[in-house]
Each structure stands twice: as structure tokens, then as C-alpha cells.
**Student:** 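Submitted below is the structure of interest, expressed as C-alpha cells.
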Amino acid sequence: MSSHEQALASLVSQLALSFDGAVLGVALAYAAVRSLLKFTSNSKALHKIRKAPCVTVSDLRSILDVPQSSDENGNQNIDQDRSQNLVIVRGQVESKSATDSNWGSLRPNVLIGHESGDKAVIVQRTQTCIYNEWKGFFGWTSDIRAIFGRSLREQESTSLRAIPFVLVEGGRWPSTDFIIVNMDGSRHPLPLTTVYHQLQPIDASPYTFLQALFGHEYPVGLLDEEKILPLGKEINAVGILSNSNGIHEIKSCKDLPYFLSDMTKDQMVLDLAFKSKVLLWSGIILGSVSIGILGYAFMRNWNRWKQWRQLRQSQEQSQGIISDAEVSQIDEEDETGDVPDGQLCVICLMRRRRSAFVPCGHLVCCQLCSISVEREVSPKCPLCRQAVRSSIRIFEC
């Protein structure tokens, strides 16, 4: 493990174990709540996908033309799930502009891969700059970067091009049997195919030499990657089906983790069921551990607070104001009459010096003032400022 990783691990461990592990308990509780919330959303999505019909493009009319049932009073009822028209449609990818063309014409408005030359409806190109870091000749490095990781510069640039496309029946395609895929507002992952992947080295420059000399990150390579959604690919679309003027359209559902996918309905159900079990047990385990850690931290800090409170009360009692009876008793013993200036207490300048401090041994205070000095939080001799452990009453023969 490098020095940077050791510093980061030490900082994280100290932060997590602060307050007797309370920070770690709160973090685990947050993770448990997030896991349970994701479990709830995945369970709802699993229930919807299980009830959603899986059809081909040619069977879409049977989904939209479901007869409505009637109750005992003759009122028509519409199934809630049917009214939403959540379906899973299987079909081949085709450009939307091809639906307006004749069979003999070429397909217009089709995207061509920049590097591969393949025809597609979605082309995504990603360029990732790979950096290297060296401490340099002088061994200099950035402590901030060692703790918080790499610099926040943009290391990846992505360009996405897409055209309207449809799903058609595999093997045969009448002009009426297609469904438009509406990508508006969809942030679901796309079933793209990687057609180009190459790592190109970056030539060093004088500026690169200066970066390496002083221990900064410097680029060493550029990873160029191109992914496409090709024409003719078989995919499943999971979303809300609508029919406008006889044209079918499917749109993504925000409550579902899938929209366009290579998986079948059974694979989606198995994937969501597995994720739901993992999230449920993760939430239970993390929640139990967080409750134990928070309970331990609470009891430890509660006991410490009680000990501090008891100590504070005892200090307040020991540092309290001397009672009137004690003052009168000391005043009866000490002379307050004609006392020479050299024998007066250096604090009150009223009573005779009677108490010597230990360990310095200075006899500079009366008994009442010496008791007040002893009861201070950090008692010190008023003459030499040395720490005072106690005082001794001096009697004259």
C-alpha cells in the first residue's frame, strides 16, 4: 500500500471510530436505510414486470384493445395495470425514417460509426485520458491529493448521437407493424455494442516533463471507445405503451430499472429477485450492526457524561464559597488588630500570615486565603507561581 493510500485509510479509520464509533454507526444506519429503500423500489418493479405481458410487435393491438369488464351495476371497470399499459415488447431495431420510405429505397438518416463504419441509431463515443503520477526528483507530492484522491479535472469526455428509431417484427415488417421508441426523459442504461476500443499513447511535451519533475499528474494515454446500437439488433423494450392515431409508441417508466435491454422477461425477474434479496439482507445486517454500534457509543458517552457531571459537582463543592461559620472561626484564631506590614497576608492585607504552601514553603497567606488558593482549579503560590499541593498551618511558640 502506498503512502497516499495509508494516509487516506488512517484518516477514514480515525473519522469512523470517533465518538466511540458513533460516526461509523450513523454511516451504517444510512447505508441500511438506503438498502431498504432500494429493496422497496425493486420489489415494486419486480411486481410490475411479473404482471406485464410480453408480446411481439404484431401483438400490440391485442394489448390496447382489451375489453373492459363491468360490475354488478353495469359500470365499466378498467384494470389499473391495464390502464397503464405496461408491456414488454420484443423486436428488431430500425430507424424511424425507414417507416416513411418505400422498400426499394435506401434507408435515410442512419448514423454511421466514426471508426467502425457500422450503421446504427445510437452512437456513443467516449475518450478517457489516463494519468500517471510520480513523486518527481525532489520527492514532492500534494497532501491534499493524497487524502482526497486525484484532482477534480475532467478525465472523460462522452459524445452521444441518436436518431428516432422503432422496433419491428423480426423476419417480416409490414409498414403498419412497428412501435416508436420514445427516449425523452430516459436515463436507463442502453444495450450498446462496443465496436471500437483502442488505447493511444500521448507524446510527451516540455510541459509534461515539468509536471513529472514537480510530482504532478501527467497524461500518458488516451482510451478511445465507440459503442453503438446497431440496426437489426433484437432487444426488449419495457415501458408504457400508448396509441396515438393508430401509431404505437413506448416510453420509459421511471419506476423500473430497465427500458431497453438484451434480457428476456424471465431474466429480468430473476435479476430483480436476486437484487431484492441482497438488498433486504444487506439492510437487515447493516441495520443490526449500526444499532449495536450506536447503542455501545451511546452507553459509553452516557457513562462518561455522568462521570464528568459527578466530577464537576465535586469540584464545585470543593471550590465553593467558604461558609460564614468557618470564616468567623478563622477570624477568631487570626489576629486582625495591630499586625506589622511585613506579616500581613499578601492577598487580603488584613490578617496575619499563618499558612505555608507545600512544596514551595512560602509563608505569605493567612489561613482563609490559603484555603481559597487551594480550592482553585489550578492552585499556584501567589509569590513564586509554583503549583500548590496543600498548605500547612504554622503555629508560633
Side-chain angles (χ1 to χ4, degrees), residues 38 41-42 44-60 63-64 81 84-99 107 109-113 116 118-126 158-171 173 177-197 225-244 247-275:
K38 289 183 179 180
S41 61
N42 276 20
K44 293 180 180 179
L46 178 61
H47 178 70
K48 289 182 179 180
I49 291 180
R50 278 177 175 170
K51 297 185 66 176
C54 184
V55 296
T56 60
V57 177
S58 59
D59 298 331
L60 292 176
I63 301 298
L64 294 176
D81 294 329
Q84 293 180 354
N85 292 325
L86 179 65
V87 296
I88 303 175
V89 182
R90 182 78 175 177
Q92 288 185 355
V93 177
E94 188 63 58
S95 64
K96 184 178 181 298
S97 58
T99 60
R107 295 184 179 121
N109 299 329
V110 176
L111 298 178
I112 305 297
S116 63
D118 296 337
K119 297 179 180 180
V121 293
I122 297 178
V123 177
Q124 176 181 308
R125 188 175 183 184
T126 304
T158 303
S159 62
L160 182 68
R161 294 183 300 158
I163 61 172
F165 64 97
V166 298
L167 295 182
V168 299
E169 186 77 20
W173 182 40
D177 292 340
F178 68 90
I179 179 172
I180 299 176
V181 180
N182 189 346
M183 298 288 294
D184 295 340
S186 174
R187 296 185 178 181
H188 298 79
L190 299 174
L192 302 179
T193 303
T194 302
V195 293
Y196 182 77
H197 185 90
E225 190 176 32
E226 187 177 68
K227 296 181 179 181
I228 65 172
L229 182 60
L231 298 178
K233 182 176 182 178
E234 287 275 351
I235 61 173
N236 282 323
V238 186
I240 306 299
L241 179 64
S242 62
N243 188 357
S244 177
I247 299 177
H248 303 303
E249 183 180 81
I250 189 169
K251 188 175 182 181
S252 65
C253 181
K254 296 181 180 179
D255 298 335
L256 299 180
Y258 310 108
F259 179 36
L260 301 177
S261 176
D262 293 324
M263 295 189 294
T264 62
K265 177 180 178 180
D266 295 336
Q267 291 174 341
M268 294 179 190
V269 170
L270 290 176
D271 183 57
L272 283 177
F274 176 76
K275 289 181 179 179

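Numbering of residues begins at 1 and proceeds along the displayed sequence. Values below: all heavy atoms of this structure, side chains included; hydrogens, waters and symmetry mates excluded.
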**Student:** Could you tell me whether K233 atom NZ has more than 12 heavy atoms of other residues or ligands within 6.0 Å of it?
**Tutor:** yes
**Student:** Taking all heavy atoms of V110 and all of S95, pick out the closest pair and write down the distance.
**Tutor:** CG2-OG, 4.0 Å
**Student:** Which heavy atom in H188 sits nearest to a heavy atom in C253, and how many Å separate them?
**Tutor:** NE2-O, 3.3 Å
**Student:** Passes side-chain contact (heavy atoms from CB on, under 4.5 Å), L190 versus I122? Steps please.
**Tutor:** CA-CA 9 Å; L190 299 174; I122 297 178; 3.9 Å; yes
**Student:** Would you say I228 and Q124 make side-chain contact, with heavy atoms under 4.5 Å?
**Tutor:** no
**Student:** Starting at CZ of F178, measure out to NZ of K96 and round the result to the nearest 0.5 Å.
**Tutor:** 7.0 Å
**Student:** So, for A273 and L46, which heavy atoms are closest and what is the spacing to 0.1 Å?
**Tutor:** CA-CD2, 4.1 Å
**Student:** Can you see which heavy atom on T193 is nearest to which on P230, and at what distance?
**Tutor:** OG1-CD, 4.2 Å
**Student:** How long is the straight-line distance from CG of N236 back to CD of E234, given to the nearest 0.5 Å?
**Tutor:** 8.5 Å
**Student:** Hey, what do you get for OG1 (T56) to CD (Q92), rounding to the nearest 0.5 Å?
**Tutor:** 12.0 Å
**Student:** Would you mind checking if K48 and D255 are paired as a salt bridge, meaning a charged N to carboxylate O distance below 4.0 Å?
**Tutor:** yes
**Student:** Is any side-chain heavy atom of L260 closer than 4.5 Å to one of V93?
**Tutor:** no
**Student:** Taking all non-hydrogen atoms of both residues into account, name the closest pair between E226 and V123 and its distance.
**Tutor:** OE2-CG1, 4.0 Å
**Student:** Are L231 and V121 close enough that some pair of their side-chain heavy atoms sits under 4.5 Å apart?
**Tutor:** yes
**Student:** Got a second to check how far I250's CD1 is from N243's CG, nearest 0.5 Å?
**Tutor:** 13.0 Å
**Student:** Measure the CG-CZ distance between D59 and R90 for me, rounded to the nearest 0.5 Å.
**Tutor:** 14.0 Å
**Student:** Between V168 and V57, is any pair of side-chain heavy atoms under 4.5 Å apart?
**Tutor:** no
**Student:** Could you tell me whether the side chain of I180 reaches within less than 4.5 Å of the side chain of P164, counting heavy atoms only?
**Tutor:** no
**Student:** Could you point out which residue of L241, I240, N182 forms a side chain to side chain contact (heavy atoms under 4.5 Å, CB included) with E249?
**Tutor:** N182
**Student:** Taking side chain as C-beta onward, heavy atoms only, is H248 less than 4.5 Å from V89?
**Tutor:** no
**Student:** State the CZ-NZ distance between R125 and K227, to the nearest 0.5 angstrom.
**Tutor:** 14.5 Å
**Student:** Please list all pairs meeting side chain to side chain donor-acceptor pair (under 3.5 Å) that have one or both residues in residues 256-272, counting only residues at least two apart or in different chains.
**Tutor:** Y258-D271, D271-K275
**Student:** What are the two closest non-hydrogen atoms of I88 and I49, and how far apart are they?
**Tutor:** CD1-CG2, 4.1 Å
